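This report refers to the structure that appears directly beneath it.
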Amino acid sequence: MAHQLGIGLLGLGNVGGGVAHLLIEGRDRLIERRGLQLEVRRAAVRDLSRPRRVELPPGVLTTDPGAVVDDPDVQIVAEQMGGIEPARTLLLRALRNGKDVVTANKAVIAACGDELFQVAAQQGVDLMFEASVCGGIPIIRSLTEGLVANRIQSLYGILNGTTNYILTRMTEEGGTFEEMLGQAQAKGFAEPDPTFDIDGTDAAQKLVILARIAFGSAVRLEQVFREGIDRIGSQDIAFARELGYTIKLLAVAKLTQDSRLEVRVHPAMIQAQALLASIRNEFNAVEVVGDAVGTQVFYGRGAGQLPTASAVVSDIVDVASRRSGGGRRAENDWTREERLPVVPVEEVVTSYYFRFVVLDQPGVLAQITQILATEQISIESVIQHGRSEDTVPLIIMTHEAPERAMRRAVARIDRLSMVREPTLVIRVERP
Ligand SMILES: NC(=O)c1ccc[n+]([C@@H]2O[C@H](COP(=O)([O-])OP(=O)(O)OC[C@H]3O[C@@H](n4cnc5c(N)ncnc54)[C@H](OP(=O)(O)O)[C@@H]3O)[C@@H](O)[C@H]2O)c1
């Protein structure tokens, strides 16, 4: 006989509607495959009159999320409301009520993970969050289960679909950042307010979660160096192509030789033939290097109703299987982790692409290269096209140098009278 469990949903919007749909449509399949009869018993929304993707029995919908987390007939709470509050308070209440919790909410896990994992451990219940990073890609499960025998050495991710869409369209169609952002919004990939996508916050929240799982280290969002894509122009895309590179918003987490962590999100030039360079449009990918397994790449849809709901339901089924089998909570106790020191960004060493906007005069290149030389930044290549009355872009690719030296050099160069705009710097990465 199938084991019956009550599911409470916090939020029945885009993701929540998909979760309810998969639970209801897939009901028989879950009974057949896993012996689980999962029933949506409560679902909290803000507006009862909004049309929903699924029709729920009378009395299930409520505008009081407290009624979901306190309901004795609900054993598993799945949260897909978003934001930090009231989600944090509700999740804590559900955990303290002895319920297992599944969430798609990266903001609350990135900001309040320590507290939530601690309460889950104290209560002996599960807190699962597969959908919070890369939507439908089972990256959390792969790291915790498939790669458990590995010491993870590095992780490179394209974690934000909106920015990847914009950069791909700029590369393939040649449009401007603003045009392609408009296109992403029209297609529903970008939020009406896309600030957190564009400035790297969304990817940084996901990186905080991945770093916790991959390196067992609690990193705070403030420790992740973040730079957005809004200064990337069509000309940078064109120069990158000329130089054999593609520009991506890259999330990087790396273990250094002295057991510190580099954690950063910024636009990066990656070689055009690298696997991550081929991740197009709204797709996500994560490249993980483990000491035993070597390089593995996870690829798929990082957002969207059904891909994300698929990950939520997979967590629900996991937790429900354990509950029904009388099993203990997952042994992933994220409260027992170390806190690896984070490398200050000034110490990070990469190569650089510089776009200087300079007056087209003799001697400019000499002055700039002289400053780079005094900061011990050696040049790999230079591009200077055409002559004009006005300003011209001067492109310099460098060899590796510490961020601190790069910043000092750029500050000095930007003070030169023939340099007419703040210099654009893009770090070069070799995933
Ligand atoms: N969309 C994606 O592709 C995606 C991918 C991965 C992760 N996520 C994460 O999933 C979460 C949900 O995203 P979404 O796109 O589904 O958002 P959404 O469409 O705006 O849905 C939010 C839902 O929560 C309900 N809600 C919000 N505040 C509430 C409150 N105080 N009390 C009761 N109900 C409340 C809303 O009610 P009403 O319907 O009445 O307004 C709505 O049903 C977010 O954490 C997001 O980061 C989303």
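Note that the coordinates shown come from a computational prediction; the quantities given were computed from them, not determined experimentally. Atoms within a ligand are numbered from 1 in the order they appear, just like the ligands themselves.
If you number the atoms of ligand 1 from 1 as listed, the ones under 4.0 Å from a heavy atom of Ala131 come out as 6 (C), 7 (C). Each of the following atoms of ligand 1 lies closer than 4.0 Å to a heavy atom of Asp47: 40 (O). Remark: ligand 1 atoms within the under-4.0 Å shell around heavy atoms of Ala44 are 34 (N). Atoms of ligand 1 lying under 4.0 Å from any heavy atom of Lys106, numbered from 1 in the order shown and given with element: 47 (O). Close approach of ligand 1 to Leu12 is summarised as follows: ligand atoms under 4.0 Å from at least one heavy atom of the residue are 23 (C), 42 (C), 43 (O).
Protein heavy atom nearest atom 29 (C) of ligand 1, with residue, atom name and distance: Arg46 CG, 3.6 Å. At the top of the distance list for atom 8 (N) of ligand 1, counting protein heavy atoms only, stands Ala104 O, 3.8 Å. For atom 32 (N) of ligand 1, the closest non-hydrogen atom of the protein is Pro65 CG, 3.8 Å. Protein heavy atom at the shortest distance from atom 12 (C) of ligand 1 is Gln80 O, 3.3 Å. Nearest protein heavy-atom neighbour of atom 38 (P) of ligand 1: Arg50 NH1, 3.4 Å.
Under 4.0 Å from ligand 1, heavy atoms of Asn14 appear from its side chain as well as its backbone. Counting heavy atoms closer than 4.0 Å to ligand 1, residue Arg52 contributes side-chain atoms (C-beta onward) but none from N, CA, C or O. Residue contacts with ligand 1 for Gln305 are absent, since no atom lies close enough (heavy atoms, distance under 4.0 Å).
The shortest N or O to N or O distance between Pro86 and ligand 1 is not below 3.5 Å. The shortest N or O to N or O distance between Gly302 and ligand 1 is not under 3.5 Å.
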Intermediate values then yes/no, side-chain contact (heavy atoms from CB on, under 4.5 Å), Leu30 and Leu23: CA-CA 8 Å; Leu30 291 176; Leu23 287 175; 4.3 Å; yes
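The presence of a protein heavy atom under 4.0 Å from atom 1 (N) of ligand 1 is confirmed. Within a 4.0 Å radius of atom 45 (O) of ligand 1, the protein contributes at least one heavy atom.
For atom 23 (C) of ligand 1, the candidate residues are Gly304, Gly66, Gly11, Cys134; the nearest heavy-atom contact is made by Gly11. Considering each of Val133, Val15, Ile109, Leu48, the one bringing a non-hydrogen atom nearest atom 13 (O) of ligand 1 is Val15. Around atom 22 (C) of ligand 1, the closest heavy atom drawn from Gln205, Met81, Glu85 belongs to Met81. Compare Gly135, Ala107, Gly13 by their heavy atoms: the one nearest to atom 42 (C) of ligand 1 is in Gly13. Comparing Leu61, Val108, Asn105, Thr308 against atom 6 (C) of ligand 1, the shortest heavy-atom distance belongs to Thr308.
In plain terms, the two heavy atoms of Ser321 and Ser324 that are nearest each other are O-OG, 3.0 Å. Minimum interatomic distance between Ala67 and Arg42 (heavy atoms only, all atoms of both residues): CB-NH1, 3.3 Å. Taking every heavy atom of both residues into account, Leu249 and Leu167 meet most closely at N-CD1, 3.5 Å. Scanning both residues, Ala240 and Ile247, for their nearest heavy atoms gives CB-CG1, 3.9 Å. When all heavy atoms of Ile84 and Ala111 are compared, the pair lying nearest together is CD1-CB, 3.6 Å. For the residue pair Val54 and Gly17, the shortest heavy atom distance occurs at CG1-O, 4.2 Å.
No donor-acceptor contact under 3.5 angstrom links the side chains of Thr62 and Asp64, judged on distance only.
Looking at Asp318 and Arg141, a side-chain N of the basic residue comes within less than 4.0 Å of a carboxylate O on the acidic one, giving a salt bridge.
Ring pair Phe354/Tyr352 is parallel by interplanar angle, where below 30° counts as parallel and above 60° as perpendicular. Taking the six-membered ring for Trp and thresholds of 30 and 60 degrees, Phe283 and Tyr299 have nearly parallel ring planes, at less than 30 degrees apart.
Asn105 CG to Gln205 CD: the interatomic distance, rounded to the nearest 0.5 Å, is 8.5 Å.
When atom types are taken as modelled, the side chain of Asp414 and the backbone of Thr423 share a donor-acceptor pair closer than 3.5 angstrom.
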